[in-house]
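The figures that follow rest on heavy atoms only: side chains count, while hydrogens, waters and symmetry mates do not.
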Amino acid sequence: MFGRGANGDRLDAKRRLLALDSWLDHTFWRIWPAASRRWDSVCAAFDGFRARGWRRFVAEVLGEGLTLGAAGATLVLALATPAFRETGPDWLNRADLSVTFLDRHGVEIGKRGVMQNDGIPLRDYPDHLIKAALATEDRRFYQHFGIDVAGTARAIVQNARANGVVQGGSSITQQLAKNIFLSNERTIERKINEAFLALWLEHHLTKDEILKLYLDRAYMGGGAFGVDAAAHFYFGKSARDVTLAESAMLAGLFKAPTKYAPHINLAAARARASTVLDNLVDAGFMTEGQVQPARFQPATPKPTAVVSSPDYYLDWAYGEVRALAGQGAFGGKRVLQVRTSLDPALQRHAEASVEQMLRQYGDQYRVDQAAAVIMEPEGAVRAMVGGRDYGVSQFNRAVDALRQPGSSFKTYVYTAAFASGKYTPEKVVTDAAICIGNWCPRNYGRRFAGRMPLITAFAKSINTIPVRLALDVGQKNVIEIAKRMGIRSKLDVGRAFALGVEEVTLLDHTSAYGTLANGGRRTPPYAAIEVMDSKGATLWRHDRDTPQPQQVLGPHVVAGMNRMMLAVTEAGTGGRARLDGYQVGGKTGTSQSYRDAWFVGFTGSLVGGVWFGNDDFTTTREMTGGSLPAMTWRDIMTFAHQGLAPRPIPGVPMPTGQRPAVASTAPAAQEAPATFTRNLSERSTRVLNAILSDVTAARQAGAGRASADHDSTFAAAPSPAAR
């Protein structure tokens, strides 16, 4: 700032400012024309590159192509990253465990891992076996780059013409990628990962190496992996020695191992083998004259190949063993024998019961899939049905499928309410309208019943009351209780949270109910009882090497909840699950739009969960948890309890005068093993105990009774079964 008396200084400052302004104006006046002239020269230079006519069209297309290509490359990289994470340094040795599984009696039931014979060089396989596999699965295998674009297009056309899936489009490389790296879940994400991994395999392996791995690791039914294991299982010989007819039958197993397994359906297996022979001729690999002898004399399996394999159970058990091996539980041993808790008679009955229900009622209820888990309250899984047909789909719906539990989730809401100390089964509450925002839950019959005790609300599966309870005790507390009881899937709070819209797996759901059957002690589900090395030395035992059960619920909570669960089967929606002579606690569940139907329940001896639904999430025809799931649960449990004396449910006394609903042979079955203990080891005695128990069960038959069910979380009208 200039002083007001310094006139000379002010004049000098003004002159300097005017000079600066003049200089700036002059400078910009000179720069602008020069810059303009330079820009004009640049434009003139680039005018020589300007394309006109058809050249401009080509340039525009190339430019857009480069832009879209860069965006596409970025997208491809993002999609490929999850797939390539699977390709660790030990990717080829992921299944390097060789595990032989035994049932609870010590009888072999199947194998997993590298039990397939990968020691046969590709050149030692018969030429007609390799040609049969290529003609049926991927006849352009040696021409494509891992993805058969022409074959995929052909399959799409054929499937569109047939209005269904009649031809697969996956190459052998893609199928190998799925077998080594991925699960069998039918999702777009899995198909994308499969395609990228197929390209990765083609880059890292030769064609012959890929074909060799495919022939060694493909599932062939009957618990056999690889063509050599299948040749031994079905024909009693090495794959080196199979005939053309036998090769055709083996090649036909790649598509659907269980459906075309000759020991299950010989007629279907021979028809499929005939199709393989047609493929050999169509592909030009052989002539009609060369395949005629195989048509006239089709292959016949050896008589001993008649035992079905509990594959869903074995897949799950193998995952458990691999996890233990990863923790160093076996001291680096790779060849293992694992005695499991599987009850083979119960497993077969559970599979047959699920199939019978689907055949008898599947069309009526518009349902085509089911799953079941039977386990002891302490966690030992006795039987597992992961789906209707392992050969068609190896996706385990009991372990991997996340589904809405519907009203069966209310168990965790009521448990949290009892744990809070605010509620008891006799607490009177009001069934009345409640709205959260614009959402107003309704009961199954669209009516409100007014005041009632909690035990009645639970038995009748009232919807408004658990919503109120969850709001009162806090949804986060309900989630904490569910997690403590055994639910491992992600649960989020929400308006309809209390009515079971969050997804759970059948195994977790059943195991969590087992916490109530086990007096509030939490024990995770398990298959492996004992793990031995190839010489029979014990490496690991569940009772010795796992933590003791954790008490997660108080006795008063368990007693209150088990009274509520008992009321469901005696006077509520689970009437069809009652067992003569046994106390049964449980809960039905039906998800939104009848997509999923559940019954999960327990006696003093066993816990079981049953789910029915469709893989594509389509709605059923008003199927509720009290219909097929409860009926199937009762059928399986009736068989499972033959020879078992009734045991009380924790916190619920046995009725006065209760008598074991078993024949007089039951005590003998319990006492008989004692006569052997003097000369047999403890392990042998346990095996004899289990065998005698199963023999007693197999000799007795169960009877059943049916009652009504009207449970549904979001249903608008009663189903025929409910009436």
Side-chain angles (χ1 to χ4, degrees), residues 354 357 361 365 367 370-373 403-415 441-445 454-466 498-502 504 506 509-510 512-514 516-517 561-579 583-603 607-613 619-637 704-723:
V354 165
M357 289 292 178
Y361 299 104
Y365 285 102
V367 60
V373 172
R403 292 284 188 157
Q404 291 183 343
S407 291
S408 62
F409 189 83
K410 295 174 184 176
T411 297
Y412 310 117
V413 178
Y414 282 84
T415 301
R442 299 176 299 178
N443 292 324
Y444 182 75
L454 281 181
I455 191 169
T456 302
F458 188 77
K460 301 298 182 182
S461 201
I462 301 298
N463 284 337
T464 62
I465 289 174
L499 302 185
V501 297
E502 294 299 307
V504 299
L506 176 61
H509 207 27
T510 306
Y513 273 54
L516 294 171
M561 280 307 304
N562 285 351
R563 285 180 53 204
M564 306 264 283
M565 307 283 267
L566 190 65
V568 171
T569 59
E570 293 187 345
T573 61
R576 280 190 172 96
R578 286 199 294 266
L579 296 178
Q583 292 179 311
V584 174
K587 186 70 184 77
T588 56
T590 311
S591 69
Q592 300 182 65
S593 304
Y594 298 100
R595 286 189 175 90
D596 306 282
W598 304 69
F599 184 82
V600 187
F602 51 84
T603 65
V607 187
V610 176
W611 165 86
F612 276 78
T619 60
T620 65
R621 186 175 285 117
E622 298 187 350
M623 180 179 62
T624 62
S627 57
L628 290 192
M631 292 161 59
T632 306
W633 189 94
R634 184 183 188 277
D635 181 71
I636 296 173
M637 284 298 203
R705 114 169 115 238
S707 62
D709 165 79
H710 56 277
D711 166 67
S712 177
T713 302
F714 293 92
S719 68
R723 302 190 189 101

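- Applying the salt bridge (Lys or Arg N to Asp or Glu O under 4.0 Å) rule to Arg563 yields the partners Glu426; only residues at least two apart in sequence or on another chain are considered.
- Atom CH2 in Trp598 sits 12.5 Å away from atom OG in Ser407 (nearest 0.5 Å).
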Check the pair Tyr361, Val367 against side chain to side chain contact (heavy atoms under 4.5 Å, CB included), reporting the backbone distance first and the verdict last. CA-CA 8 Å; Tyr361 299 104; Val367 60; over 6 Å; no
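- Nearest heavy atoms, Asn463 versus Asn443: N-OD1, 2.8 Å.
- Closest heavy-atom contact between Gly500 and Phe409: CA-CB, 3.6 Å.
- Annotation: the span from Thr456 atom OG1 to Met564 atom CE amounts to 9.0 Å, rounded to 0.5 Å.
- Within the 4.5 Å cutoff, no side-chain heavy atoms of Trp611 are placed close to those of Val373.
- Taking Phe602 as the reference, nothing meets the ring-ring contact (aromatic ring centres under 6.0 Å, His included) condition, with sequence neighbours excluded.
- The heavy-atom pair separating Pro629 from Thr624 by the smallest distance is CD-O, 3.5 Å.
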Audit row: Phe458, Ile465, side chain to side chain contact (heavy atoms under 4.5 Å, CB included) steps and yes/no: CA-CA 9 Å; Phe458 188 77; Ile465 289 174; over 6 Å; no
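- Of all the heavy atoms in Gln583 and Leu566, the pair that sits closest is CB-CD1, 4.0 Å.
- For the atom pair Met565 CE and Thr411 OG1, the distance stands at 4.0 Å (nearest 0.5 Å).
- No donor-acceptor distance shorter than 3.5 angstrom exists from the side chain of Lys587 to the backbone of Gly574, with no hydrogens or angles considered.
- Within the structure, no pair that satisfies the salt bridge (Lys or Arg N to Asp or Glu O under 4.0 Å) test touches residues 623-633, not counting sequence neighbours.
- Nearest heavy atoms, Ala517 versus Val607: CB-CG2, 3.8 Å.
- With hydrogens and angles ignored, the 3.5 Å screen pairs a side-chain donor or acceptor of Trp633 with a backbone N or O of Gly608.
- Under a 3.5 Å cut-off, the side chain of Thr590 and the backbone N or O of Gly625 do form a donor-acceptor pair.
- Taking all atoms of both residues into account, the shortest heavy-atom contact from Met623 to Tyr594 is O-CD2, 3.4 Å.
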Please report the C-alpha distance between Phe612 and Thr620 in whole Å, then the side-chain angles of each, then the deciding distance to 0.1 Å, and finally whether the side chain to side chain contact (heavy atoms under 4.5 Å, CB included) criterion is met. CA-CA 9 Å; Phe612 276 78; Thr620 65; over 6 Å; no
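- A donor-acceptor contact closer than 3.5 angstrom links the side chains of Thr588 and Thr573.
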As a quick check of understanding, evaluate side chain to side chain contact (heavy atoms under 4.5 Å, CB included) for Phe599 and Arg576, giving each step before the final call. CA-CA 10 Å; Phe599 184 82; Arg576 280 190 172 96; over 6 Å; no
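- A distance of 13.0 Å separates CZ of Arg621 from OG of Ser627, quoted to the nearest 0.5 Å.
- Side chain of Lys410 to main chain of Ile462: a donor-acceptor pair is present (N/O by atom type, distance under 3.5 Å, no hydrogens or angles).
- At least one donor-acceptor pair under 3.5 Å links the side chain of Asn562 to the backbone N or O of Leu516.
- At a threshold of 4.5 Å between non-hydrogen side-chain atoms, the residues Arg578 and Thr569 count as touching.
- Using cut-offs of 30° and 60° on the angle between ring planes, the pair His509 and Tyr412 is tilted.
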